[in-house]
2 protein chains.
Amino acid sequence: MSHEGIDLGTSVGYLMKEASSALRTAMEAVLRPLGMTITHYSCLELLAQRPGLSNSELARGAFVTRQSMHVMLLSLERDGVVSRPGQPESGRVLPTALTEKGRAQLATASAAVRAVEKRMTRDLDIDEQSRFGFMLTQCTASLRAG
Amino acid sequence: MSHEGIDLGTSVGYLMKEASSALRTAMEAVLRPLGMTITHYSCLELLAQRPGLSNSELARGAFVTRQSMHVMLLSLERDGVVSRPGQPESGRVLPTALTEKGRAQLATASAAVRAVEKRMTRDLDIDEQSRFGFMLTQCTASLRAG
DNA sequence: TACTGTATGTCAGAATACTGACATGAGTCA
DNA sequence: TGACTCATGTCAGTATTCTGACATACAGTA
């Protein structure tokens, strides 16, 4: 009576978990010396590309709950890396912005993360990289479609 | 002065994080009704395929620390899902085995997870799936090579 | 207007995984 | 033999994220 389960060696799901775990480990390794976590970095990178993002929007972009992002923003605000208005302009949304200190922090971190990403895909040529990215996007869409 | 960072929309790293986050969410959604977490399920699946795995080996296979797996095994043992000898045969390694209850639990969970994985790759044909898996493996290897 | 549904910011507590540390056992090598 | 290195199981404490909950704000609709 053998278990008709998932062959971990060839399961795309397992391989994806393995790869993302390796990516996570590699990113933590380069961010730790900078005193940053992955969520910390993700938050800064998101704000650099789309300034004024709200707490909830940042949470979705960093793939954590808005509660988790909330505590992250509190500490980033305390450290003077980001700033938020005391009162919302309309509704409840508090748009967040990078400070100069935040931009400086991000510059270093972003270079380090770019190096990791480059290392990850070093065995894939341009066409393969774009094909790979497209497949990942397809997987994401299919999973979310339910 | 624009930020020369990572374009999140096309970054392979970001797309991978997005996909693995979607996979995680989908797996949690099907495992939660069964009263199982992803680590819980991973542990059972590993044991089904390679009976007698030690705590440390299970940890590596599930991509968590051996300390985390240790507390997981304690609760699985308490629930009668796995069993370990009271004393090691040699060294300090305690080989773990699934109980009948554990096998039953796994059968249900494994079917649910297989369905999720199938959904994830439903837009990829056989060749693309194998190509995708190979690319993931390459990424993992490159990241670990440092 | 009133109502419903959806989204937000925030607080509190629980669950989960992590880092640090220690002792034990096996293997290697001088 | 003894010293050294490495991997393991385990304990303790910390950190991070999550779930649950609440009040608030807006858009759409009857």
Side-chain angles (χ1 to χ4, degrees), chain A residues 17 20-22 24-29 31-33 35-43 46-47 50 52-79 82-97, chain B residues 17 20-22 24-29 31-44 46-47 50 52-79 82-97:
Chain A
K17 184 165 179 178
S20 74
S21 169
R24 178 188 184 84
T25 300
M27 286 180 65
E28 281 171 346
L31 290 175
R32 185 184 306 274
M36 300 172 67
T37 66
I38 293 183
T39 304
H40 179 147
Y41 158 74
S42 301
C43 182
L46 285 162
L47 284 175
R50 286 142 66 191
L53 247 40
S54 71
N55 175 34
S56 289
E57 290 167 322
L58 286 169
R60 281 191 292 269
F63 311 109
V64 296
T65 61
R66 67 184 195 276
Q67 291 91 333
S68 297
M69 185 53 74
H70 176 65
V71 315
M72 174 60 62
L73 282 182
L74 287 180
S75 81
L76 292 182
E77 213 171 358
R78 175 174 47 77
D79 296 345
V82 306
S83 65
R84 283 189 297 177
Q87 295 295 327
E89 291 187 5
S90 88
R92 307 198 66 195
V93 175
L94 291 175
T96 312
Chain B
K17 185 165 179 178
S20 74
S21 168
R24 178 188 183 84
T25 299
M27 284 181 65
E28 282 171 346
L31 289 175
R32 183 184 307 272
L34 305 176
M36 300 173 68
T37 66
I38 292 181
T39 304
H40 180 148
Y41 158 74
S42 300
C43 181
L44 265 46
L46 284 163
L47 284 175
R50 287 142 65 192
L53 247 38
S54 71
N55 175 35
S56 290
E57 291 168 322
L58 285 168
R60 281 191 292 269
F63 310 109
V64 296
T65 62
R66 67 184 195 277
Q67 292 89 333
S68 297
M69 184 55 75
H70 176 65
V71 315
M72 173 60 64
L73 282 181
L74 287 180
S75 81
L76 292 181
E77 212 171 358
R78 175 175 47 77
D79 297 345
V82 306
S83 64
R84 283 190 298 178
Q87 295 295 327
E89 292 188 1
S90 87
R92 307 198 67 195
V93 174
L94 292 174
T96 313

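In what follows, every chain begins at residue 1, and chains take the letters A, B, ... in the order their sequences are listed. As a basis for the values below, the full set of heavy atoms in this structure was taken, side chains included, without hydrogen atoms, waters or symmetry mates. Because the structure is a prediction, the values reported are computed rather than measured.
- Bounding nucleotides for the chain B contact on DNA chain D, 5' to 3', at a heavy-atom distance below 4.0 Å, are D:dT8 to D:dT19.
- Judged as a side chain to side chain contact (heavy atoms under 4.5 Å, CB included), and not counting sequence neighbours, A:R92 has no contacts.
- Looking only at side-chain heavy atoms (C-beta outward), A:L31 and A:H40 stay at 4.5 Å or farther from each other.
- The side chain to side chain contact (heavy atoms under 4.5 Å, CB included) check on A:T25 picks up A:S21, with sequence neighbours excluded.
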Give every donor-acceptor pair under 3.5 Å between a side-chain atom in residues 65-76 of chain A and any protein atom, sequence neighbours left out.
unit_1, atom_1, unit_2, atom_2, d
A:T65, OG1, A:S68, N, 3.2
A:T65, OG1, A:S68, OG, 3.0
A:S75, OG, A:M72, O, 3.0

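- Among residues two or more places apart in sequence or in another chain, the side chain to side chain donor-acceptor pair (under 3.5 Å) test is passed with B:T39 by none.
- Side-chain contact between A:L47 and A:L58 is present, with at least one heavy-atom pair separated by less than 4.5 Å.
- Rounded to 10 degrees, the angle separating the terminal helix axes of the helix from C:dT1-D:dA30 to C:dA30-D:dT1, each built from five base pairs, is 30°.
- Listed by residue number, B:R60, B:R66, B:Q67, B:H70 are the residues of residues 60-75 of chain B with a heavy-atom contact under 4.0 Å to DNA chain D.
- Interatomic distance, A:S42 OG to A:M36 CE, rounded to the nearest 0.5 Å: 8.5 Å.
- Atom CD of B:E28 is separated from atom C1' of C:dA15 by 12 Å (rounded to the nearest Å).
- Under 4.0 angstrom from either OP1 or OP2 of C:dG9 there lies at least one side-chain N or O belonging to A:S56.
- Remark on DNA chain C: of its neighbouring residues A:R32 and A:S54, the 5'-side contact belongs to A:S54, judged by nearest-heavy-atom nucleotide.
- For the residue pair A:L46 and A:A62, the shortest heavy atom distance occurs at CD1-N, 3.8 Å.
- Residues passing the salt bridge (charged side-chain N to carboxylate O under 4.0 Å, His left out) test with B:R24 are B:E28, sequence neighbours excluded.
- In this view, A:L94 and A:R84, A:P85, A:P88 satisfy the side chain to side chain contact (heavy atoms under 4.5 Å, CB included) rule, not counting sequence neighbours.
- A heavy-atom distance below 4.5 Å is found between the side chains of A:I38 and B:K17.
- The stretch residues 85-96 of chain B comes close to DNA chain D through B:R92, B:V93, B:L94, each having a heavy atom under 4.0 Å from the strand.
- Under the side chain to side chain contact (heavy atoms under 4.5 Å, CB included) criterion, B:R32 pairs with no residue, sequence neighbours left out.
- Partners of A:F63 according to the ring-ring contact (aromatic ring centres under 6.0 Å, His included) rule, which considers only residues two or more places apart in sequence or in another chain, are B:Y14.
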